[in-house]
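A short worksheet on the structure shown next.
Starting from 1, each residue takes its place in the sequence as its number. Just so you know, these numbers come straight off a predicted model, no measurement behind them. Worth knowing before you read on, the calculation uses all heavy atoms, side chains too, and leaves out hydrogens, waters and symmetry mates. Counting convention: from 1, in listed order, for ligands and their atoms alike.
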Amino acid sequence: MMPFPFEISATEGRARTGVLKTARGDIRTPAFMPVGTAATVKAMTVDQVKATGADIILGNTYHLMLRPGPERMERLGGLHKFMGWDKPILTDSGGFQVMSLAGISKVKEEAVTFSSHIDGSKHVLTPERSIEIQADRIGADISMQLDQCVSWPAERDAAQKAMELSIRWGARSKARFGEREHQALFGIQQGSTFEDLRRQSSDQLQEIGFDGYAIGGLAVGEGHQAMCEVLDYAPEMLPADRPRYLMGVGKPIDLVEAVWRGVDMFDCVLPTRAGRHGQAWTWDGPLNLKNARFAEDQNPLDPAIDGPSSQYSKAYLHHLIRADEILGKVLLSWHNIAFYQALTAAMRAAISEGRFEQFRRDFHARHTSN
Ligand SMILES: CCCSCc1cc(N)cc2c(=O)[nH]c(N)nc12
C-alpha cells in the first residue's frame, strides 16, 4: 500500500497536473520546493514561505547531520517543530552534498566517509544511517535514497559504476526504511547522459519499489539543451502513476521544459541564492537589480507577483542590494520564491484547461525577451 496517494487530475501530452496527498498536507503538482538547507529557507520566515503558496520545502541531511546533529534534532522534536514548519518536508540523502561541499571524502561500497566543511570532523554516511537521520531523527515526510551522482561530462564507465552503486544503495535504503504509513521514500535514477544506463537504473529501481522516483544526475553543468535531451526520454522510463522529481532544477525555463516532458516536482537554490545577490525573476525574464539602470526606476518589480516586493520600487530594491542591506536579500528571496510558485500555479492551471502548449509558447516568447 503506497503511503501517499498521487492523483493526476489532468494531462496534456506528457505534462501532468495533480495532487500528492501526504500526512501533513497536499502537494499540488507541478510543484516547486523551496530549499531550506540548514533548517531555514535563507532570509525568509516560515510564514513568508507559506505566504508564497509553497506546499513543501526541502531539508538537507548533510548540513543537519553536521549541525545541530541528528540526535539533538530528535531531542528537539524533529525538524518540523524545530523550525515551525507544519507542512511536508522532503530531505535529500546527503551523498550529493558530500561530493560538492565536504572536505576529503571517499566513496566505498559500504559508506561515504568525509570530513565536515565546518570543523573538519570525520563522518561516515551509509544508506542505512542516511535513512535513520532523514526518517527517524529529522522526521522527513519524504526521504531520498542515498545515491552517487557523477559530474558532467562523465565517462561511460564511471557513470555505469555510479548508477550500479546507487541501485545497491537504493535497495539498502529501502530495506532500512521498510514500509511506513505516514512517510515516503523516493528512489533516484542515475546514468548521466547515457540512455541505456538510465533505462537500467529505472527498471531496477522499480523492481525495488519506491513511493516516488527522482531524476538525479542533471543540473550538474550539462546546460539546458543537454538536460532537455535527457528529459526527452528519462521521465517516461519512470512509473506514470507516481511522482517524478527532477533534482536541483532550475531556471524558470527549465521548469517549463521539464513539465512539458512529464516532470512533477522541482527544487533549486537559484531563486533564493540569486535573490540574495540582486537577481529578480519576472515573467519578462531575470533582472539584475545591481544594474545602474534601476537607480531611479520608480516602477515595482512585477505587479503580477503577490508579495511585499511588489510594494517597493526597483529604485529602492536597487539601493538595498547595492548597500548590501539585509532587507534587500529578504525582499528579493521572497519575490523569487513567490514567482516560482506563481509559475507552477500557472502551469497547473494551463494543463488543467488544456492550454499548456500555448502557455509554453507564450512563456518562451515573453520570458527571454528581456
Ligand atoms: C537540497 C538539495 C536537493 S537536490 C540536490 C541534488 C542536485 C542535483 N543536481 C542532483 C542530485 C542527485 O543526483 N542526487 C541527489 N541526491 N541530490 C541531487
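Residues V35 and V41 do not share a hydrophobic cluster, clusters being chains of Ile/Leu/Val/Met/Phe/Trp/Tyr side chains in contact below 4.5 Å.
Remark: D55 engages R28 in a salt bridge, criterion side-chain N to carboxylate O under 4.0 Å. By the 4.0 Å N-to-carboxylate-O rule, E353 lies close enough to R355 to be salt-bridged with it. Using a 4.0 Å cut-off between a side-chain N of Lys or Arg and a carboxylate O of Asp or Glu, E12 and R360 do not qualify as a salt bridge.
Here Q97 has side-chain heavy atoms under 4.0 Å from ligand 1, and that is the only part of it that gets that close. Residue-level proximity to ligand 1 for V269 is absent, since no heavy atom of it falls below 4.0 angstrom. Contacts between T37 and ligand 1, counted as non-hydrogen atom pairs separated by less than 4.0 Å, are absent for every part of the residue.
Scanning the protein heavy atoms around atom 11 (C) of ligand 1, the nearest turns out to be F96 CD1, 3.5 Å. Given atom 1 (C) of ligand 1, the protein heavy atom at minimum distance is N60 ND2, 3.3 Å.
Near I188, the atoms of ligand 1 lying under 4.0 angstrom from a non-hydrogen atom of the residue are 16 (N).
Y62 has its ring centre less than 6.0 Å from the ring centre of F114.
Compare D92, L146, V220 by their heavy atoms: the one nearest to atom 5 (C) of ligand 1 is in D92. Considering C268, G217, G221, G250 only, the shortest heavy-atom separation from atom 13 (O) of ligand 1 involves G217.
Checked by distance only, ligand 1 and L218 come closer than 3.5 Å through their nitrogen or oxygen atoms. For ligand 1, one of its N or O atoms has an N or O atom of D147 under 3.5 Å away. Among the atoms of D267, none of the N or O lies under 3.5 angstrom from an N or O of ligand 1.
Assignment of Q190 to the shell around ligand 1 is supported, since a heavy atom sits closer than 4.0 Å.
Judged by the 6.0 Å distance and 45° axis criteria, R198 is not positioned over the aromatic ring of F194.
Counting only N and O atoms by type, the side chains of H80 and D141 include a donor and acceptor under 3.5 Å apart.
Taking a 6.0 Å sphere around NE2 of H277, one finds it holds 12 or fewer heavy atoms contributed by other residues, nucleotides or ligands.
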